[in-house]
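Not measured: the values here are computed from a predicted model. Here is the naming used below: chain letters follow the sequence lines, and residue numbers restart at 1 for every chain.
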Number of protein chains: 2
Amino acid sequence: MDRSTRQREAIRGLFTPEGRPLSPKEIQEKADTDAPGVSLATVYRTIKALEELGEIVKVELPGDAARYELAGKGHHHHFQCRSCGKAFEIHGCPGGLAALAPDGFKVDSHEITLFGLCAKCNHPA
Amino acid sequence: MDRSTRQREAIRGLFTPEGRPLSPKEIQEKADTDAPGVSLATVYRTIKALEELGEIVKVELPGDAARYELAGKGHHHHFQCRSCGKAFEIHGCPGGLAALAPDGFKVDSHEITLFGLCAKCNHPA
DNA sequence: ATGGGTGCAAATTGTTTGCATTTTA
DNA sequence: TAAAATGCAAACAATTTGCACCCAT
């Protein structure tokens with residue numbers, strides 16, 4: 001496999017159904033194992049390509065850099081650890097949120113982010 | 001009143017109980033009326049001071065710059081218009097969000113953001 | 001003159017992009 | 001050898017900060 005393909009596959013391979021949302025830097029670090037020396041520019045370009053292909057989606061957490069995760073996981077939300085900064089996927093969603101908007105407003109989507117300590121940071125070994 | 005005081009008061013005066021969250025740029029533009037020529041640096045420094053005094057709080061919306069609003073409004077969330085980009089305060093909050101986190105995780109706060117069209121953008125004159 | 005506050009510009013971080021080079025077909 | 005992808009560095013936007021300067025006390 002050639003270099004270009006290896007880089008792209010290394011990045012693409014990071015997105016799994018079980019994986020948590022990854023930031024560009026995390027992607028670069030993890031991809032470095034299979035494709036040493038990937039530049040951040042390539043990471044961003046590959047992310048953009050995969051996003052346009054509909055394979056991954058951008059996850060925006062309040063006050064932090066964008067993350068990316070595998071597309072097609074269905075409606076869900078995220079948890080961000082205040083200690084290690086990692087983002088995790090959470091399931092379940094209270095309904096009826098659109099009703100909270102003021103009269104005349106049209107709600108088409110929503111984001112819920114939980115903050116706290118992840119299992120690892122909450123139960124230090 | 002001297003220039004410094006006028007600038008600070010112009011900025012401080014932008015934060016009202018009814019006001020929506022403002023970004024540093026919006027703050028600079030609005031403050032310019034009462035205090036012409038305020039630099040962004042001063043806006044940021046004043047924001048920081050007011051935040052440390054506990055008069056205003058930072059509002060972080062997914063994927064957008066930070067906003068600031070008057071402190072002490074009680075628990076509430078926000079709506080962001082996809083058309084004009086403005087942020088609005090919304091009231092009400094579904095409970096039990098902490099239960100959505102995985103086992104072992106400790107939730108200490110949460111953020112909910114609704115996206116869509118504000119009244120003005122939804123009902124163009 | 002002395003300290004507090006200001007504007008400008010430089011520094012930071014996250015992200016994008018131009019361009020020359022490398023790689024692939 | 002021409003097209004495609006890469007790395008580096010420059011360019012941007014948001015935010016912070018160093019520094020010289022200005023104003024009120």
Between P of C:dT13 and CG of A:L40, the distance in whole Å: 13 Å

Partners meeting side-chain hydrogen bond (donor to acceptor under 3.5 Å, both in side chains) with B:E18 (sequence neighbours left out): B:T16

Side chain to side chain contact (heavy atoms under 4.5 Å, CB included) between A:R20 and A:H78, worked out: CA-CA 9 Å; A:R20 45 185 197 72; A:H78 302 88; over 6 Å; no

Any residue of residues 56-65 of chain A with a heavy atom less than 4.0 Å from an atom of DNA chain C: A:A65

Within residues 19-38 of chain B, residues whose heavy atoms come under 4.0 Å of DNA chain D: B:P24, B:K25

Under the side-chain contact (heavy atoms from CB on, under 4.5 Å) test, residues paired with B:A35 that sit two or more places apart: B:R6, B:Q7, B:A10, B:V38

Residue pair B:C118 / B:K86, side-chain heavy-atom distance below 4.5 Å: no

Pairwise distance CD(A:E51) to OG1(A:T46) - rounded to 0.5 angstrom: 12.5 Å

Between OH on residue B:Y68 and NZ on residue B:K48, distance to nearest 0.5 Å: 10.0 Å

Which residues share a side-chain contact (heavy atoms from CB on, under 4.5 Å) with A:E89, sequence neighbours left out: A:E69, A:K73, A:H76, A:H91

For B:I112, the rest of its hydrophobic cluster, which grows through side-chain links under 4.5 angstrom: A:F79, A:F88, A:I90, A:L97, A:L100, A:F105, A:V107, A:I112, A:L114, B:F79, B:F88, B:I90, B:L97, B:L100, B:F105, B:V107, B:L114

Between the protein and nucleotides 17-21 of chain C, which nitrogen or oxygen pairs come in under 3.5 angstrom?
unit_1: C:dT17; atom_1: OP2; unit_2: A:K48; atom_2: NZ; d: 3.4
unit_1: C:dG18; atom_1: O6; unit_2: A:R45; atom_2: NH1; d: 3.3

Pairwise side-chain contact, A:F15 with A:I27, heavy-atom cut-off 4.5 Å (strictly under): yes

Salt bridge (Lys or Arg N to Asp or Glu O under 4.0 Å) pairs, two or more places apart, involving residues 103-125 of chain A: A:D108-B:R82

Residue whose nearest DNA chain D nucleotide is more 5′ - B:R67 or A:V43: A:V43

Hydrophobic cluster membership, A:I56 vs A:V59, 4.5 Å side-chain cutoff: no

Co-membership, hydrophobic cluster, residues A:I11 and A:V57, 4.5 Å side-chain: no

Where chain A begins and ends its contact with DNA chain D, read 5' to 3' at 4.0 Å from heavy atoms: D:dA5 to D:dC8

Atom pair CZ (A:R3) and OG1 (A:T42), whose distance is rounded to the nearest 0.5 Å: 8.0 Å

For B:E9, salt bridge (Lys or Arg N to Asp or Glu O under 4.0 Å) partners two or more places apart: B:R12

Pairing residues for B:Q80 by the side-chain contact (heavy atoms from CB on, under 4.5 Å) criterion, not counting sequence neighbours: B:L61, B:D64, B:R67, B:F115

Would you tabulate the pairs of protein nitrogen or oxygen atoms and nucleotide nitrogen or oxygen atoms of nucleotides 23-25 of chain C closer than 3.5 angstrom?
unit_1: C:dT24; atom_1: OP1; unit_2: A:R3; atom_2: N; d: 3.0

